[in-house]
Novice: 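One structure coming up, written as structure tokens, with questions to follow.
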Amino acid sequence: MRAVLTDAAYGRGPARDGAVNVEYVSANPTGPMHVGHGRGAVFGDALASLLVFTGHAVTREYYINDAGAQVDVLARSAFLRYREALGEVIGDIPEGLYPGDYLKPVGQALASEWGDRLRSKPEAEWLPIVRAKAIAMMMDEIKGDLAALNIHHDVFFSERSLIEDGNNKVAETIDFLRAKGDIYEGRLPPPKGKPVEDYEDREQSLFRATAYGDDVDRPLIKSDGSYTYFASDIANHKSKFDRGFADLIDVFGADHGGYVKRMQAAVKAVTAGKATLDVKIVQLVRLLRNGEPVKMSKRSGDFVTLREVVDEVGRDAVRFMMLYRKNDAVLDFDLAKVIEQSRDNPVFYVQYGHARGHSIFRRAREVVPDLPAEDSARREYLSRGPLERLTEPEELDLLRRLALYPRMLEGAATTHEPHRIAFYLYDLASEFHALWTKGGTELPHLRFISDHDASLTKARLGMVQAVVSVLASGLAILGVHAPDEMR
RNA sequence: GCGCCCGUAGCUCAGCUGGAUAGAGCACCAGACUUCGAAUCUGGGGGUCGGAGGUUCAACUCCUUCCGGGCGCGCCA
């Protein structure tokens, strides 16, 4: 108890060896983020903060998929907007291109930068130019979306940089694996499930993923000679290992579920088993309003953007609610509920607990006039109080809950489950609210502030302070504000 | 067909990595405001933890199998 008060780092873990790399978001730079991306972003960010808090050296990484066919589609879509910006009537966006309005600014930027000089060039010439511009602008947009959630990465790692001329890491990685005997030329059985139209049985370079626990071996080179996404992702993970990370965490969306085994197999092969990869799959988010599914957005083309949601309900609600669920369970996110100020809404409930504590401090000056207003001074002051006078069973229950905090964090960190923090905070707030009300009603001797016993008041304020500190600490890890008042 | 995830109270979900009578919110019923913010709290009813086997002194938790739902399943990322 005294430790909670005196130790500003209560719950922190000891510094540990080894560096952890958390890769999250990694949304394709082809448009604005949607709420599914947002969940992965919040999850990854909170997990990274949790690991930092428990003593790990953490790098937050974003892998930019800027090399595949989808960015060429992006470029062609942007080129259409460019011609539109020059005054052409482009009509409906053709099937296969991105229809969203968000590419209009890219077209306009290209028009003002290049005039009509791109229009007459052959695609081979304009495509790299348009592509680079579009990717840059999309990444700016994504970074803006992330900033609205207070999410920032240490490293933005470009897939394209892996295949640069003269420094082709993908080729290096393939050579590396080939030298180990992990690559062979062979054929794959046709895929099960829904038929693939242009299936063609051919001999190809296959990674021996089955030797490392995967179900089938995986192709690395397409028939046109370019690398598969998987090939560059192996190089991506090898790069992490080469940069000194032995603890790798990937946060993927639900649609990447089938990708886990092959990626873990690849990491095993490429690091000789010296690195571990944990892949956290973040399940879908169902956006609701009062229980009804939310309509699609015009701006994005076909989905509700993350920014629209954040703008509507606020950063704290988005962050907390996305962490108030196990990552591998589908999440219902109700836009109406998360801004309610009631017990239905855990965000509010926990924040209110924190605010209520501060409310008690404000009122307490009538009994303890020299109670410092500043947080660390107040902690220091209260840590010298007669804490041994906290003897009521309800108080001891609360103290036990506080004592659980470090162990809870440790468990959350080792299992990579930040949602445990959110649930713990909810429980702590609940116990605190209950004790508060008891003091106000049926058991007046439990009131935190005793007008005739300044000593006891100090001890109890110490307890309140401990609750406030732990709530603030946990909320900080989740990236949610801990307000002093909420009137 | 295969892989991964989910299945716990009417509804939405926790369950501390096997440990004591399975918890919370909503909803329903009954209560508490001359209170340190009632934006809160107290009590009650309600569950064969999807089914069936197995491992164990002990299973919501681990294994097998079936049922139901979601996601994914060559050179898309």
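Each chain gets a letter, A, B and so on, in the order its sequence line appears, and its residues count up from 1.
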Novice: On the nucleotide B:U42, are OP1 or OP2 found under 4.0 Å from the side-chain N or O atoms that A:Lys438 carries?
Specialist: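 No, because none of the side-chain N or O atoms of A:Lys438 sits under 4.0 Å from OP1 or OP2 of B:U42.
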Novice: Establish, with yes or no, whether the OP1 or OP2 oxygen of B:G72 is under 4.0 angstrom from a side-chain nitrogen or oxygen of A:Lys261.
Specialist: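 Answer is no, no contact under 4.0 Å.
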Novice: Write down the distance separating the C1' atoms in B:U64 and B:A22, rounded off to the nearest Å.
Specialist: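 Straight-line distance between the two C1' atoms is 25 Å.
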Novice: Just call it for A:Ala412: base, sugar-phosphate, or nothing, with non-hydrogen atoms closer than 4.0 Å on any strand.
Specialist: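 A:Ala412: no heavy atom of the nucleic acid under 4.0 Å.
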Novice: Ignoring the backbone of A:Arg262, work out which of B:U40, B:A77, B:G37 is nearest its side chain.
Specialist: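 Of the candidates, B:A77 comes closest.
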Novice: Can you check the distance between B:G68 and B:C49, where both ends of the measurement are the C1' atom (answer in whole Å)?
Specialist: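 To the nearest whole Å, 16 Å.
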Novice: Given B:U40, B:G37, B:U42, which nucleotide is nearest the side-chain atoms of A:Thr437?
Specialist: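 The answer is B:U40, which lies nearest to the side chain.
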Novice: Looking at the side chain of A:Asp215, which of B:U40, B:G3, B:C36 is the nearest nucleotide?
Specialist: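 Comparing B:U40, B:G3, B:C36 against the side chain of A:Asp215, the answer is B:G3.
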Novice: Can you say whether the rings of A:Phe361 and A:His358 are parallel (under 30°), tilted (30 to 60°) or perpendicular (over 60°)?
Specialist: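 Perpendicular.
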Novice: For B:G1, which nucleotide in any strand shown is its Watson-Crick or wobble partner with both distances under 3.5 Å?
Specialist: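 Result: B:C73.
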Novice: At under 4.0 Å between heavy atoms, what does A:Glu159 touch on the DNA or RNA strands: base, sugar-phosphate, or nothing?
Specialist: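 Counting heavy atoms under 4.0 Å across all strands, the contact made by A:Glu159 is with sugar-phosphate only.
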Novice: What is the separation between atom CG on A:Leu288 and atom P on B:C13, rounded to the nearest whole Å?
Specialist: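 Those two atoms, CG and P, are 10 Å apart.
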Novice: Indicate whether any N or O donor in one side chain lies under 3.5 Å from an N or O acceptor in the other, for A:Gln70 and A:Asn65.
Specialist: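 No, no side-chain donor-acceptor pair sits under 3.5 Å.
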Novice: Measure NE2/A:His433 against P/B:C33 and give the value in whole Å, please.
Specialist: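 So the NE2-P distance, A:His433 to B:C33, works out to 20 Å.
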Novice: Go through B:A77, B:U40, B:C6 for me and flag the one nearest to the A:Asp328 side chain.
Specialist: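 That would be B:C6.
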Novice: Whom does B:C33 pair with, Watson-Crick or G-U wobble, provided both distances fall under 3.5 Å?
Specialist: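 Its partner is none (no Watson-Crick or G-U wobble pair with both distances under 3.5 Å).
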Novice: Is the shortest side-chain N to carboxylate O distance from A:Arg208 to A:Asp217 below 4.0 Å?
Specialist: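 A salt bridge is absent here (no side-chain N lies under 4.0 Å from a carboxylate O).
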Novice: If we take the P atom in both B:U8 and B:U21, what is their distance in whole Å?
Specialist: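 B:U8 and B:U21 have their P atoms separated by 23 Å.
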Novice: When you check the gap from the basic side-chain N to the acidic O, do A:Glu185 and A:Arg178 get nearer than 4.0 Å?
Specialist: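 Answer for the salt bridge query: yes.
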Novice: So which of A:Val170, A:Ile234, A:Thr173 actually passes side chain to side chain contact (heavy atoms under 4.5 Å, CB included) with A:Leu220?
Specialist: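 Of the listed options, the one satisfying the test is A:Ile234.
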Novice: Would you measure the distance from the P atom in B:C5 across to the matching atom in B:A77 and give it in whole Å?
Specialist: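 Roughly 26 Å separates the two P atoms.
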Novice: Do the side chains of A:Glu172 and A:Lys238 get close enough for a salt bridge, i.e. N-O under 4.0 angstrom?
Specialist: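 The answer is no: the pair does not qualify as a salt bridge.
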Novice: Which part of the nucleic acid, if any, lies within contact of A:Thr228, taking any heavy atom under 4.0 Å across all strands shown: a base, the sugar-phosphate backbone alone, or nothing?
Specialist: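 Contact class for A:Thr228: sugar-phosphate only.
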Novice: Which part of the nucleic acid, if any, lies within reach of A:Val330 when heavy atoms closer than 4.0 Å are counted: base, sugar-phosphate only, or nothing?
Specialist: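 It contacts sugar-phosphate atoms only.
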Novice: Within the structure shown, what part of the strands sits under 4.0 Å from A:Gly411 by heavy-atom distance: base, sugar-phosphate, or nothing?
Specialist: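 Nothing, no nucleic acid heavy atom in range.
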Novice: Just call it for A:Tyr259: base, sugar-phosphate, or nothing, with non-hydrogen atoms closer than 4.0 Å on any strand.
Specialist: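 It contacts base atoms.
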Novice: Work out how far the P atom of B:U56 is from that of B:C13, and round it to whole angstrom.
Specialist: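 Between the two P atoms, the distance is 36 Å.
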Novice: Taking O4'-C1'-N9-C4 for purines and O4'-C1'-N1-C2 for pyrimidines, is B:C16 syn (within 90° of 0) or anti?
Specialist: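 This nucleotide is in anti.
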Novice: Using the side-chain heavy atoms of A:Ser359, tell me which of these nucleotides is nearest: B:C36, B:A14, B:U42.
Specialist: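 Selected nucleotide (nearest to the side chain): B:C36.
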Novice: Have a look at A:Arg407 and say if it touches a base, only the backbone sugar-phosphate, or nothing, with a 4.0 Å heavy-atom cut-off.
Specialist: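 The residue A:Arg407 makes no contact with any strand.
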Novice: Rounding to an integer number of angstrom, what distance separates B:A14 and B:A9 when you compare their P atoms?
Specialist: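 These two P atoms come out 12 Å apart once rounded.
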Novice: Would you mind reading off the distance between A:Asn327 atom CG and B:C4 atom C1', rounded to a whole angstrom?
Specialist: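 Between C1' of B:C4 and CG of A:Asn327: 13 Å.
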Novice: Nearest-Å distance, CG (A:Leu188) to P (B:C2)?
Specialist: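 Going from A:Leu188 (CG) to B:C2 (P), I get 18 Å.
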Novice: Can you figure out which of B:U40, B:C13, B:G37 approaches the side chain of A:Asp332 most closely?
Specialist: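 When the side chain of A:Asp332 is considered, B:C13 is the closest of B:U40, B:C13, B:G37.
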Novice: Strictly by Watson-Crick or wobble contacts shorter than 3.5 Å, is anything paired with B:G18, and which nucleotide is it?
Specialist: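 Partner of B:G18: none found under 3.5 Å.
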Novice: Quick check on RNA chain B: between A:His419 and A:Arg202, whose nearest nucleotide comes earlier from the 5' end?
Specialist: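 Its nucleotide being nearer the 5' end, the pick is A:His419.
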Novice: With both distances under 3.5 angstrom, what nucleotide forms a Watson-Crick or G-U wobble pair with B:A59?
Specialist: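 WC or wobble partner does not exist here.
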Novice: Contact class for A:Tyr229 vs. all strands (heavy atom < 4.0 Å): base, sugar-phosphate, or nothing?
Specialist: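 Base, at least one base heavy atom under 4.0 Å.
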Novice: In terms of relative ring orientation, are A:Phe423 and A:His419 parallel, tilted or perpendicular, with 30° and 60° separating the classes?
Specialist: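 Taking A:His419 first and then A:Phe423, their aromatic rings stand perpendicular (interplane angle over 60°).
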Novice: Starting at atom OH of A:Tyr426, determine the distance to atom P of B:A14, rounded to an integer number of angstrom.
Specialist: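 Answer to the nearest Å: 14 Å.
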Novice: Measure CD/A:Glu431 against P/B:G25 and give the value in whole Å, please.
Specialist: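 The answer, rounded to whole Å, is 13 Å.
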Novice: State whether A:Arg325 places a side-chain N or O below 4.0 Å from either non-bridging phosphate oxygen (OP1 or OP2) of B:C13.
Specialist: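 Result: yes.
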Novice: Which nucleotide in the set B:G37, B:A14, B:G70 lies at the smallest distance from any side-chain heavy atom of A:Lys326?
Specialist: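 Nearest to the side chain of A:Lys326 among the choices is B:A14.
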Novice: Does B:G25 pair with anything, Watson-Crick or G-U wobble, both distances under 3.5 Å, and if so, with which nucleotide?
Specialist: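 Its partner is B:C11.
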Novice: In whole Å, what is the span from the CG atom of A:Leu428 to the P atom of B:G23?
Specialist: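 From A:Leu428 CG to B:G23 P: 20 Å.
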Novice: Could you give the distance separating B:U55 and B:U12 at their P atoms, to the nearest angstrom?
Specialist: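 Looking at atom P only, B:U12 and B:U55 are 35 Å apart.
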Novice: Send over the distance from A:Asp255 CG to B:C76 C1', rounded to a whole Å.
Specialist: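 After rounding, the gap between these two atoms is 11 Å.
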Novice: Any salt bridge between A:Glu392 and A:Lys438, counting N to O under 4.0 Å?
Specialist: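 Answer for the salt bridge query: no.
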Novice: When rounded to the nearest Å, what value does the distance between P atoms of B:C67 and B:A52 take?
Specialist: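 Going atom to atom, P in each nucleotide, I get 15 Å.
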Novice: From C-beta outward on A:Arg420, which listed nucleotide comes closest to its side chain: B:A77, B:C36, B:C16?
Specialist: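 Comparing B:A77, B:C36, B:C16 against the side chain of A:Arg420, the answer is B:C16.
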Novice: What is the pairing partner of B:G47, taking Watson-Crick or G-U wobble pairs with both distances under 3.5 Å in any strand?
Specialist: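 For B:G47, the partner nucleotide comes out as none, under the 3.5 Å rule.
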Novice: Are the charged groups of A:Glu394 and A:Arg460 less than 4.0 angstrom apart, N to O?
Specialist: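 No, no charged N to carboxylate O under 4.0 Å.
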Novice: Relative to the 5' end of RNA chain B, which residue comes earlier, A:Ala67 or A:Thr414, by the nucleotide with the nearest heavy atom?
Specialist: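 Checking each residue's closest nucleotide, the 5'-ward one belongs to A:Thr414.
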